[in-house]
2 protein chains.
Amino acid sequence: MTMSNTGGRRRPPTIHDVAREAGVSRGTVSRVLNGGHYVSPAAQEAVNAAIRKTGYVVNRHARSLITGRSDSVGFLLTEPQERFFEDPNFNVLLRGCTQALASHDIPLLLMLAGTKDERRRITRYITAGHVDGVLLVSSHSGDPVAEELREAGVPLVACGKPIGLGSKVSYVAADDRDGARDMVRHLLSVGRRRIGVVTGPLDTPGGVERLAGYKEVLAEAGIEIDDRLIVSGDYSRASGEAGAERLLAQAPDLDAVFVASDLMAQGVLTALGRTGRRVPQDVAVGGFDDSSAALAARPQLTTIRQPYDRISAEMVRVLLAQIGGEDPAAVILPTELVRREST
Amino acid sequence: MTMSNTGGRRRPPTIHDVAREAGVSRGTVSRVLNGGHYVSPAAQEAVNAAIRKTGYVVNRHARSLITGRSDSVGFLLTEPQERFFEDPNFNVLLRGCTQALASHDIPLLLMLAGTKDERRRITRYITAGHVDGVLLVSSHSGDPVAEELREAGVPLVACGKPIGLGSKVSYVAADDRDGARDMVRHLLSVGRRRIGVVTGPLDTPGGVERLAGYKEVLAEAGIEIDDRLIVSGDYSRASGEAGAERLLAQAPDLDAVFVASDLMAQGVLTALGRTGRRVPQDVAVGGFDDSSAALAARPQLTTIRQPYDRISAEMVRVLLAQIGGEDPAAVILPTELVRREST
DNA sequence: CATGCTTCTGTGAGCGTTCACAGTAGAGAA
DNA sequence: TTCTCTACTGTGAACGCTCACAGAAGCATG
């Protein structure tokens, strides 16, 4: 009598064990697992009972081996690392994507491609088919990773419109220009006329579009664009502080600043405070993002809310659709003015 | 003449293709891929050339199917979601772990287990063997997920000492008690005597240990412990603010506050500012973590630096060792006082 | 010359799943 | 009856890899 493996190390149950338990074949169990088409109610029930009894969980590796899909997606960050730390938006986005994917039972692989080496390694990993698609967070133009992935035909959804890439890549973005318009209109409505702006990097759509919205509204209001009222930052707190100092030097009479991110707006508040200017009495400050930085700031920031929960949900939806064979799509979501203490 | 697949959809090269190209067998290619033992230099070279030429990348699913390993690890967050957003430490930890794993070519799966449903799903996923091990970020005691994983024998490394679990689980932590001692000694050294404390949750090791360090140093200095100087928070900014208000009500004469996290310290600063107290002139404030919040605060916080880069590196090292069959281990890392403007 | 050892190589089997296909049973139509 | 159609079920054959094993070659030892 040979020893069965009953007493040995517990081996996870396979589809075979389930089939035997349910008194059906592998094929029937597999069909139940994949939607239950062409399965009789009796078999369906028997299989489900057997799955519960055995504690069976599908072996994704075996499945992937034959289907060619990995049933996982990558969340790829090609920004330099500092932004990841500082920017609260990334957290929200990452969490939203993770949860949206989880509801489809799809794990998210976090990929950081800061250095050249990392980029090569990760590109290789992705193009080898180890993930079915990629959620890309990298707004800067000329991102070589994104371009390579697009060429390799990897399903891809960017957060924010990717400037450098051809139009054939999906993206989900908030309506930057419209948000900027709302904010500047709001600043006008509270009586401000000398409105400065700290833009984002001008090689990002957020940088370009928000500045465009600013200019449009001023033009509509018949206010001349004054170049001394326009400076650029890189979305970091420090660059906001530096930007505000340049603004104050070039145009000490300004009575409002529209800042292209909440984090930079924090820096602006610091710089204004240092010169003794009160916010909002002397200078109104409007941010952008409605990130946690907006609430952390003193005074709390009036800002433009980017619907990050919806953005992440849409990114996942579009990506899964694309993995399923649909064409790339662009989704633009509306923003919302959130009024707090700084205006 | 049948059509070869040369003209069809490009199919990724397999180990077979490499073997044919190199003029050796699958087995030899496999041996090269796995360390190159028992392979002649000539074969070694031929295989490497063939790999370069074909652009071969190993199919991890096929490998996993037979080895039983997944060559991936999970980063599991069982905290409620708010903390993830607010706390800058998570970012640092997450990034550090991702990078440390990347250098071993191991992808990180991000797992968020906020709700009961998510917890069940994720436990199932992990115990099914879809990851080789888990990096656990959850300091609260009585975490059911951690306990289940431990029982299931899943390699596990916690960040911070897990109170609830048996001693058989690995963890990496900063020396909380010693850090707290350093900070309180520092406050004493700048002449403070009425030192309040805002602790973390007392069901977390950080909460307990940092308070213990505080008490020890005061005892050594011959200062009586005054319960009115001790309040607890939950590491959130808001709880810091509330805690400071309670402290000020109970002991308006305090001249320093040791706060168990930088984020809470930000709240403390806000509350102090509201009562007109100057920091550090009237009240010195010491934080803990040296997170980005410490630099963002005005004044910038004197704080205890937790070596998160080393913590993440150690977590990964210990986890990989454990996956490799070694026994669980505990690692305690030293902290460092960082003096800034708030003391 | 046989024997053993070490280093290297190829081969068959099998990991757990899905897919294509063949087949069965029953219902309805001719 | 006989045929066709639909609903359902079971059975090989992969998928691409690693592992165990068998064997070959080279060299030293008995």
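Just so it is clear: chains get the letters A, B, ... in the order the sequence lines come, proteins before strands, and each one is counted from 1.
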Comparing V58(B) and Q44(A) on DNA chain D - which has the more 5′ nearest nucleotide: Q44(A)

Interatomic distance, I51(A) atom CD1 to L33(A) atom CG [nearest 0.5 angstrom]: 5.0 Å

Length of the line joining E45(A):CD and dC8(D):C1', which is rounded to integer Å: 17 Å

E147(A)/R150(A) salt bridge by N-O under 4.0 Å criterion: yes

Of the listed nucleotides dC8(D), dG16(D), dT7(C), the one nearest the side chain of P41(A): dC8(D)

Sub-4.5 Å side-chain heavy-atom contact between L320(A) and I106(A): yes

Contact nearer the 5' end of DNA chain C, comparing G23(B) with I66(B): G23(B)

Phosphate-side-chain proximity, N59(B) and dC15(D), N/O vs OP1/OP2 below 4.0 Å: no

Nucleotide nearest V39(B) when distance is taken to its side chain, options dT18(D), dT18(C), dT9(C): dT9(C)

hbond_proxy R26(B) side chain to dG12(C) base (donor-acceptor, 3.5 Å cutoff): yes

Nearest-angstrom distance from the residue atom CZ of R20(B) to C1' of dG10(C): 16 Å

Y56(B) side-chain N/O to dC17(D) phosphate OP1/OP2 under 4.0 Å: yes

Donor/acceptor link under 3.5 angstrom from R31(A) side chain onto base of dG10(D): yes

Nearest-Å distance for atom pair CZ/P, residues R63(A) and dC19(C): 9 Å

H16(A) NE2 to dC15(C) P, straight-line distance once rounded to whole Å: 9 Å

Length of the line joining H37(B):NE2 and dT18(D):P, which is rounded to integer Å: 14 Å

Side chain proximity check, D17(A) to Y56(A), heavy atoms < 4.5 angstrom: no

Candidate nucleotides dG14(C), dT18(C), dG16(D), ranked by approach to the side chain of L33(A) - the nearest: dT18(C)

Phosphate-side-chain proximity, S30(B) and dC19(D), N/O vs OP1/OP2 below 4.0 Å: no

Close side-chain approach of T28(B) to S30(B), heavy-atom, < 4.5 Å: no

Options dC19(D), dC17(D), dT17(C), nucleotide nearest the side-chain atoms of T67(B): dC19(D)

Minimum-distance nucleotide to L65(A) side chain [options: dT17(C), dC15(D), dG14(C)]: dC15(D)

Integer-rounded Å distance: dT18(C) P and D71(A) CG: 10 Å

Nearest-neighbour nucleotide for the T14(A) side chain, dG10(D), dT17(C), dT9(D) considered: dT17(C)

Nucleotide nearest N34(A) when distance is taken to its side chain, options dC15(C), dT18(C), dG16(C): dT18(C)

Rounded interatomic separation in angstrom, taking NE2 from H130(B) and C1' from dG16(C): 12 Å

Spacing between R11(B) atom CZ and dA14(D) atom C1', to the nearest angstrom: 12 Å

Under-4.0 Å side-chain N/O to phosphate OP1/OP2 contact, S64(B) with dC17(D): no

Within-4.5 Å side-chain heavy-atom neighbours: T127(B) and L149(B): yes

T28(A) side chain, from C-beta outward: closest of dA7(D), dG10(D), dT9(C): dG10(D)

S25(B) side chain near dG10(C) phosphate (N/O to OP1/OP2, under 4.0 Å): yes

